[in-house]
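Throughout, a chain's letter reflects where its sequence line sits, starting with A, and its residues are numbered from 1.
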Amino acid sequence: MKVASLALPVPVFQEFSYFLPSPLDDTVRVGSIVEVEFHQRLLMGLVCALQVRNEENLKPILRIVPVSPWGEKQMDWAKRLSKIYFLPLGEIAQLFFPPCLPSQWKFLEQRVFTQDGESRWDIPSGGRNLFIFRETFRVSSRTWQKLLKEGLVRLERERTFPQESSFPEKRFFWWRILFTESRRQWCLEMIENAQRERRKILLVFPDFHSLDSFEAFIRKRCPLLRVIKYDSRLSAKKRLLAFRLVEEGEYDLILGTRLALFLPAFDLYYHVIFDPEEKGHFSDQIPRYSALRVLYEKLRIKGGELHVVGIVPPLGIAHFLREGEFEERDFPENNLPKRKTVKTITYESRKQRLVLAPPIREEIARVTAQGASVLLWVQKMGYASALGCGECGFYYMCPDCEVALRYHLDSKFLWCPRCGRKVEPADACPICRGTLWENWGEGLEKVHAEIQTIFPKHHTLRIDSEMFVEGQELLESKTPYIVVGTSAILREELLRRSALLVVVSLESWLYLSDFNAREEFYVKWGKALQLLGVDVALNTQVFVQGSKEAITRMGQFLKSWREFYSEGLEKRRVLGYPPFGYLLRIIGESRNKDACLLVLKSLQEELEKKGMTVIGPFPGSGFRKRGRWKEELGVCFPEQDLEAVFETVVSFLPYRRREGITWDIEVDA
DNA sequence: AGCACGCCGACT
DNA sequence: GTCGGCGTGCTC
């Protein structure tokens, strides 16, 4: 009996065996995608191994999914991603599977040919995939029947699918390109180049807005180019069409979001990713991954060129540039970043209860009076970081997460910034019955409210990450505006048209628990500094407001990236922290605290036996569901130990959920 | 994950 | 007396 070992998209570190029924046994090979029944449902799976043995009670493979089987390098790439992200191979493989549309598979399996002389449809002599044909020409079923009957078209079984190709060389580049118009110009040059070399390009964007505007530009400038756009907004059918067209090689350029990384583009040479630090390049749900890392791993295995385009290199790229793995490139730009003065200012005496120091208010008045706009950059959403009693010192805390609840004046509710729990504040203090409420810390709403009080006649705008900023709308409005917002305001259109940027509270960026917080702030800040005021005639200014202590640490953010990163990178090198090694957090969540600890302790022992440095177990930080406990273990290890750590961790936690414990593995690499 | 099975509260 | 909440267990 022929038996196949399958990687299935389930959160289990295990492969599953199915037998190959005789009609399939010589078509299925390692790398094929097949459909099977698994626990009362149908799943697609990747064939990882084939062998001949006798085993009872195996279910059969139902059919082959009509897509290209994976080659060796594709397999290596997926296996590598599975290792570095500590995810089951099946969950990685699922990213590469076509959208599930079994009703369409019968069309994917056939190819159309036209009789000589039939020119109504543009079908090459090699024929065309029937699914592509149906979707592009939308022939009604009646016409189709007629065509078949009259012998004007004929069908054949789809021939072998295209094979993967790879390139012997791999090159990595960092381009510092500030402005959209320069980036477009740069792309045109790259397209021209690629066309000459008969090579194909993938452009990866962090959000729909930049993707759409780029698409419009490219379609206008290069009308003959075969462009494929791919993102989550496409319907399943459109996605499958794009998938199949790419597989067939019927394209010159793919424009997409991170989902496009997983298209079966076997002949792709140029890979471009814009603004790699942007949130959109990271998947925040399982399987969690970073678009840049996925591309990097692909190139290491399959070769090609990777061009990273941004303004300030994030930590990982800075590391690669220092090590010489990435080459730094400059693109000549017509626009130049503007000279600007950066002023720091400490808070007014706390008695005044105003967020913005007087010099800042004066500057806002001066700038807006001259018709230019102002950006106020705030880190926290909501009104205040805490709400409490002015008499006894009580303040609201999340009963689950043990952090202060954030007060939203808009909705008159308290929200937990960790778990999203909603609490309605009482009229009087629940401890001392006092009615003198007090709030601490400045959020977006408070800053905006203050701006409205000080400048009642100005146009003001409040923007947080939830809202989509329509740049066009603002550009068309003639009046100056004052924008108060979170990092969502650091958009090119807004920055270029503003003459003043205010960092409202520097310490709120410095004291975040994330150990990359400083570096993340530097990248955002650097981008803002470069783009600010470019389209404004006025002198541009930046105000940074913060506590005395925070302001003394401001100097580092004015350094060049090489200087800024050098100290932090040296520290990380010594400790073996990312990007020099892997930092793993193994988090168990359970209603039984001891159950987690028991497993973590024995895992720790096992890892230590193998010579790894393990920290913990210690209580997990952050979000905790009602009545549940979190315990976590930290492991830091170099590249050469990845295999060993993976094997150990996986043997201890083969299931993401078992015996009342939910496991999560976070990887920083 | 997602689906079954099982064990307790509010309803025709 | 059943519908349906979710807490556990298992998947070739």
Side-chain angles (χ1 to χ4, degrees), chain A residues 1-25 28-65 78 81-82 85-102 232 236 259 262 283-289 400 419-421 586-596 598-599 623-631 649-667:
Chain A
M1 184 163 63
K2 245 186 167 175
V3 175
S5 192
L6 301 187
L8 297 172
V10 286
V12 174
F13 285 100
Q14 187 189 104
E15 285 171 8
F16 293 87
S17 302
Y18 285 80
F19 80 87
L20 280 160
S22 47
L24 289 179
D25 60 7
V28 171
R29 60 177 181 81
V30 171
S32 294
I33 313 298
V34 294
E35 190 186 47
V36 292
E37 194 198 274
F38 180 83
H39 207 231
Q40 327 278 74
R41 70 204 134 118
L42 295 174
L43 289 182
M44 280 186 242
L46 168 69
V47 178
C48 293
L50 288 170
Q51 56 181 143
V52 180
R53 75 179 133 104
N54 267 328
E55 200 176 317
E56 304 271 307
N57 299 328
L58 290 186
K59 289 182 180 173
I61 285 177
L62 300 175
R63 52 177 167 167
I64 302 187
V65 180
L81 294 177
S82 151
Y85 288 127
F86 285 75
L87 289 164
L89 179 59
E91 285 189 313
I92 292 293
Q94 194 182 25
L95 295 167
F96 294 91
F97 290 163
C100 188
L101 270 176
S232 60
L259 287 188
F262 305 104
S283 148
D284 44 11
Q285 284 161 28
I286 291 170
R288 283 188 286 259
Y289 60 89
D400 299 325
C419 69
R421 175 192 269 262
I586 302 153
I587 306 154
E589 193 190 311
S590 165
R591 49 181 50 226
N592 178 358
K593 192 176 167 173
D594 298 327
C596 276
L598 213 67
V599 182
F623 169 37
R624 231 172 54 201
K625 284 198 205 91
R626 205 169 304 208
R628 299 190 134 245
W629 295 93
K630 262 190 176 181
E631 293 296 330
V649 170
V650 159
S651 67
F652 268 77
L653 317 169
Y655 306 92
R656 197 131 66 219
R657 248 180 51 211
R658 195 187 220 190
E659 287 155 11
I661 312 172
T662 308
W663 297 102
D664 193 10
I665 302 178
E666 283 185 21
V667 190

Atom CD of A/E15 to atom C1' of C/dT11: distance rounded to whole Å?
15 Å
Applying salt bridge (Lys or Arg N to Asp or Glu O under 4.0 Å) to A/E15 and not counting sequence neighbours gives none
A/R63 meets the side chain to side chain donor-acceptor pair (under 3.5 Å) criterion, sequence neighbours left out, with A/E35
From CZ of A/R41 across to P of B/dA1 the rounded distance in Å is 11 Å
Give a yes or no answer on whether the side chain of A/S590 reaches the backbone of A/N592 with a donor-acceptor pair at less than 3.5 Å.
yes
Using the test side-chain contact (heavy atoms from CB on, under 4.5 Å), find all partners of A/S232 that sit at least two apart in sequence or belong to another chain.
A/F208, A/L259
Taking C-beta and beyond as the side chain, do A/F96 and A/L46 meet within less than 4.5 Å on heavy atoms?
no
I'd like a list of close polar pairs between nucleotides 6-9 of chain C and the protein, N/O only, cut-off under 3.5 Å.
unit_1	atom_1	unit_2	atom_2	d
C/dG9	O6	A/R657	NH2	2.8

DNA chain B contacts among residues 45-52 of chain A, heavy-atom distance under 4.0 Å
none
Can you list the residues that meet the salt bridge (Lys or Arg N to Asp or Glu O under 4.0 Å) rule with A/E659, with sequence neighbours excluded?
none
Holding to side-chain contact (heavy atoms from CB on, under 4.5 Å), I want the full list of residues that pass it with A/Q94, two or more places apart in sequence or in another chain.
A/P9, A/F97
Residues in side-chain contact (heavy atoms from CB on, under 4.5 Å) contact with A/S283, at least two apart in sequence or another chain
A/R258, A/Y289
Would you kindly give the CZ-to-P distance between A/R288 and B/dA1, to the nearest whole Å?
11 Å
Residues in salt bridge (Lys or Arg N to Asp or Glu O under 4.0 Å) contact with A/K59, at least two apart in sequence or another chain
A/E37
Check whether any side-chain N or O of A/S17 sits under 3.5 Å from a backbone N or O of A/S5 as a donor-acceptor pair, and report yes or no.
no
Could you tell me how far apart A/E37 (CD) and B/dA4 (P) are, to the nearest whole angstrom?
11 Å
NA contact type, A/Q14, heavy-atom cut-off 4.0 Å: base, sugar-phosphate, or nothing?
base
With heavy atoms under 4.0 Å as the rule, sort A/Y655 into base, sugar-phosphate or nothing.
base
Among residues at least two apart in sequence or on other chains, which ones pass salt bridge (Lys or Arg N to Asp or Glu O under 4.0 Å) with A/R288?
A/D664
Atom pair distance, as rounded to whole Å: CD in A/E91 and P in B/dA1:
8 Å
Figure out the CD1/P separation between A/I286 and B/dG2, and round it to whole Å.
12 Å
Whole-Å distance between C/dT11 P and A/N57 CG?
12 Å
Can you list everything that forms a side-chain contact (heavy atoms from CB on, under 4.5 Å) with A/F38? Sequence neighbours excluded, please.
A/L8, A/V10, A/F16, A/Y18, A/R41, A/L43
Looking at DNA chain C, which of residues 2-9 of chain A put a heavy atom within less than 4.0 Å of it?
none
Touch class at under 4.0 angstrom, heavy-atom based, for A/Y18 against every strand present
sugar-phosphate
Between B/dG2 atom P and A/F38 atom CZ, what is the distance in whole Å?
12 Å
Closest-nucleotide 5' rank along DNA chain B - winner of A/Q40 and A/R656
A/R656
